[in-house]
Amino acid sequence: QVQLVESGGGLVQPGGSLRLSCAASGRTFSNNAMGWFRQAPGKEREPVAAISWGGGTTNYADSVKGRFTISRDNAKNTVYLQMNSLKPEDTAVYYCATGSSGWPTLSALGYDYWGQGTQVTVSS
C-alpha cells in the first residue's frame with residue numbers, strides 16, 4: 001500500500017522559513033515525479049512545485065519562484081520543500097503527491113497518490 005506522509009508544517013512569522021518533508025513508502029519512487037500542492041481555506045487546491053524522478057528537472061508555480069525549493073533524496077524515498085521568505089498568502093494545507101510519470105507536471109491530474117497534508121500558517 002502506497003503511503004505519503006508529510007511533516008514539518010507549523011506556525012511561522014512573515015519572512016520566516018520552513019522545510020516540509022514527505023516520506024513515501026509502499027514501493028520505490030525513484031522512477032516517479034513528485035509534487036507539492038496546497039489548499040487554502042475556501043480555495044481550490046493549487047500546484048506549488050514538482051521534481052522529476054532524478055531531481056534534474058523542477059517546476060514551480062509563479063507565486064513561489066525564487067522563494068521555494070523542491071528537492072528529493074531517492075535513497076530515503078523522501079521529497080522536501082524548502083520555503084523561504086514566507087508570506088501570509090502562503091498559509092494553506094500542503095500536500096505531497098506522486099504518480100506513474102517521471103515528468104514533473106504541475107497538473108494534479110498527473111498524480112495518483114496523495115498524502116494527508118500538513119498545515120502551514122504564516123502570521124505575526
Side-chain angles (χ1 to χ4, degrees):
Q1 183 177 355
V2 174
Q3 262 198 320
L4 300 174
V5 179
E6 302 95 337
S7 61
L11 173 65
V12 63
Q13 291 187 342
S17 298
L18 279 176
R19 188 194 195 204
L20 305 183
S21 299
C22 173
S25 62
R27 72 173 202 205
T28 300
F29 293 88
S30 58
N31 293 326
N32 308 103
M34 298 192 76
W36 285 97
F37 292 75
R38 68 186 182 186
Q39 187 167 19
K43 295 187 177 181
E44 292 187 356
R45 189 173 298 188
E46 63 177 9
V48 176
I51 188 167
S52 62
W53 66 273
T57 302
T58 55
N59 287 318
Y60 295 92
D62 288 343
S63 59
V64 306
K65 280 181 182 176
R67 299 188 299 123
F68 291 11
T69 302
I70 188 171
S71 61
R72 66 189 294 164
D73 184 340
N74 285 340
K76 297 181 178 179
N77 256 7
T78 301
V79 64
Y80 305 96
L81 185 68
Q82 178 67 43
M83 305 187 294
N84 298 329
S85 302
L86 282 161
K87 305 175 181 180
E89 51 263 44
D90 294 318
T91 295
V93 177
Y94 283 70
Y95 301 89
C96 71
T98 189
S100 58
S101 173
W103 181 253
T105 178
L106 289 178
S107 170
L109 297 176
Y111 298 91
D112 305 308
Y113 303 101
W114 296 80
Q116 293 300 307
T118 184
Q119 176 71 47
V120 172
T121 303
V122 185
S123 175
S124 55

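Following chains of ILVMFWY side-chain contacts shorter than 4.5 Å, one can reach Val120 starting from Leu81, so the two form part of one hydrophobic cluster. Cluster membership check: Ile51 does not share its hydrophobic cluster with Tyr80, using side-chain heavy-atom separations under 4.5 Å among Ile, Leu, Val, Met, Phe, Trp and Tyr.
Of all heavy-atom pairs spanning Arg38 and Ala92, the tightest one is CB-CB, 3.8 Å. Of all heavy-atom pairs spanning Pro47 and Ala61, the tightest one is O-CB, 3.4 Å. Here the closest heavy-atom approach between residue Glu6 and residue Gln116 is recorded as OE1-N, 3.2 Å.
In this structure a side-chain-to-backbone donor-acceptor pair under 3.5 Å is missing from Ser124 to Gln13. Put simply, the side chain of Asn84 never gets that close to the backbone of Ser17: no donor and acceptor are under 3.5 Å apart. Checked by atom type and distance alone, the side chain of Ser52 never pairs as donor or acceptor with a backbone atom of Thr58 at under 3.5 Å.
The ring-ring contact (aromatic ring centres under 6.0 Å, His included) search around Phe37 returns Tyr111, Trp114, not counting sequence neighbours.
The salt bridge (charged side-chain N to carboxylate O under 4.0 Å, His left out) analysis of residues 72-89, with sequence neighbours excluded, yields no pairs. Each disulfide bond (SG atoms under 2.5 Å apart) pair with one or both residues in residues 90-124, not counting sequence neighbours, appears once here: Cys22-Cys96.
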#### Entry: side-chain contact (heavy atoms from CB on, under 4.5 Å) between Leu4 and Tyr95, intermediate numbers included
CA-CA 9 Å; Leu4 300 174; Tyr95 301 89; over 6 Å; no

### Query
Under the side-chain contact (heavy atoms from CB on, under 4.5 Å) criterion, do Val2 and Asp112 qualify, and how do the steps go?
CA-CA 10 Å; Val2 174; Asp112 305 308; over 6 Å; no

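Across Ile70, Val48, Leu106, a single residue satisfies side chain to side chain contact (heavy atoms under 4.5 Å, CB included) together with Tyr60, and that is Ile70.
Contact annotation: the side chain of Ser7 never approaches that of Thr118 to less than 4.5 Å [non-hydrogen atoms, C-beta and beyond].
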